[in-house]
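Just below is one structure, and these are the notes that go with it.
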Amino acid sequence: CISSPNFPNPYFGLQSCDIRVHEAMGPISVEAFDTESSFDILFVNGLGYHGLHTPHGVTPTTHITWTSDYIINGQGWKICATPPTAHAGPTWAVVDGPCTQDG
């Protein structure tokens, strides 16, 4: 799973992360998602998810990116990868920024 910086505590302002996804990754499973609506945004396939609107069930095909502004910070998010059965390797990796990966 990958989570916003400082999760499960509120994330900080003015942060960004870049998450590389494997081409054979399955859909995202959202374990938690609470960001400032319209301003702190997780982008998956170019679409922005924020507030309580989550990317649950979305299969990413490009990098996932996270950005937060500087005023209001939410509890953040934790998303997990659902690997397809034919893929045994890592499904994603944080390549830039303070997001954290477990497992």
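Everything numeric here is computed off the predicted structure, so don't read it as measured data. Reckoned from all heavy atoms, side chains included, excluding hydrogens, waters and symmetry mates.
When all heavy atoms are compared, the tightest approach of His53 to Gly48 is CD2-O, 4.1 Å. In terms of heavy atoms, Ser4 sits closest to Thr100 at O-OG1, 4.4 Å. Residue Gln101 comes nearest to Val94 through the heavy atom pair OE1-N, 3.5 Å, listed as atom of the first residue, atom of the second, then distance. For the residue pair Phe43 and Gly46, the shortest heavy atom distance occurs at CD2-O, 4.1 Å.
One distance of note links OG1 of Thr61 with CE of Met25; it measures 10.5 Å at 0.5 Å rounding. Taking CZ of Phe39 as the reference point, atom OG of Ser68 lies at 12.5 Å (rounded to 0.5 Å). Here Tyr70 contributes atom OH and Gln15 contributes atom CD; the two are 16.0 Å apart, rounded to the nearest 0.5 Å.
Identified under the salt bridge (charged side-chain N to carboxylate O under 4.0 Å, His left out) test for residues 50-77, with sequence neighbours left out: none.
With 3.5 Å as the limit, one finds no donor-acceptor pair spanning the side chains of Ser16 and Thr67.
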Side-chain polar contacts of residues 72-81 - donor-acceptor pairs under 3.5 angstrom, sequence neighbours left out - could you list them?
{"residue": "Asn73", "atom": "ND2", "partner": "Tyr11", "partner atom": "O", "Å": "3.3"}
{"residue": "Gln75", "atom": "NE2", "partner": "Pro8", "partner atom": "O", "Å": "2.7"}
{"residue": "Lys78", "atom": "NZ", "partner": "Asp102", "partner atom": "OD2", "Å": "3.4"}

Atom pairs and distances, donor-acceptor, side-chain atoms in residues 26-33, under 3.5 Å, two or more places apart:
none

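Ile2 is not connected to Val95 by any chain of hydrophobic side-chain contacts under 4.5 Å among Ile, Leu, Val, Met, Phe, Trp and Tyr, and they are in different clusters. By the criterion of side-chain heavy atoms lying less than 4.5 angstrom apart, applied directly or through intervening Ile, Leu, Val, Met, Phe, Trp or Tyr residues, Leu14 is not grouped with Trp66; the two fall into different hydrophobic clusters.
Partners of Val58 by side chain to side chain contact (heavy atoms under 4.5 Å, CB included), not counting sequence neighbours, listed by chain and number: Val44, Asn45, Tyr49, Pro55. Not counting sequence neighbours, the partners of Asp18 by the side-chain hydrogen bond (donor to acceptor under 3.5 Å, both in side chains) test are His63. Remark: His50 pairs with Thr35, Ser37, Ser38, Ile41 by the side chain to side chain contact (heavy atoms under 4.5 Å, CB included) rule, at least two apart or across chains.
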**Item:** Trace of the side-chain contact (heavy atoms from CB on, under 4.5 Å) decision for Ile19 with Thr65
**Value:** CA-CA 6 Å; Ile19 301 161; Thr65 57; over 6 Å; no
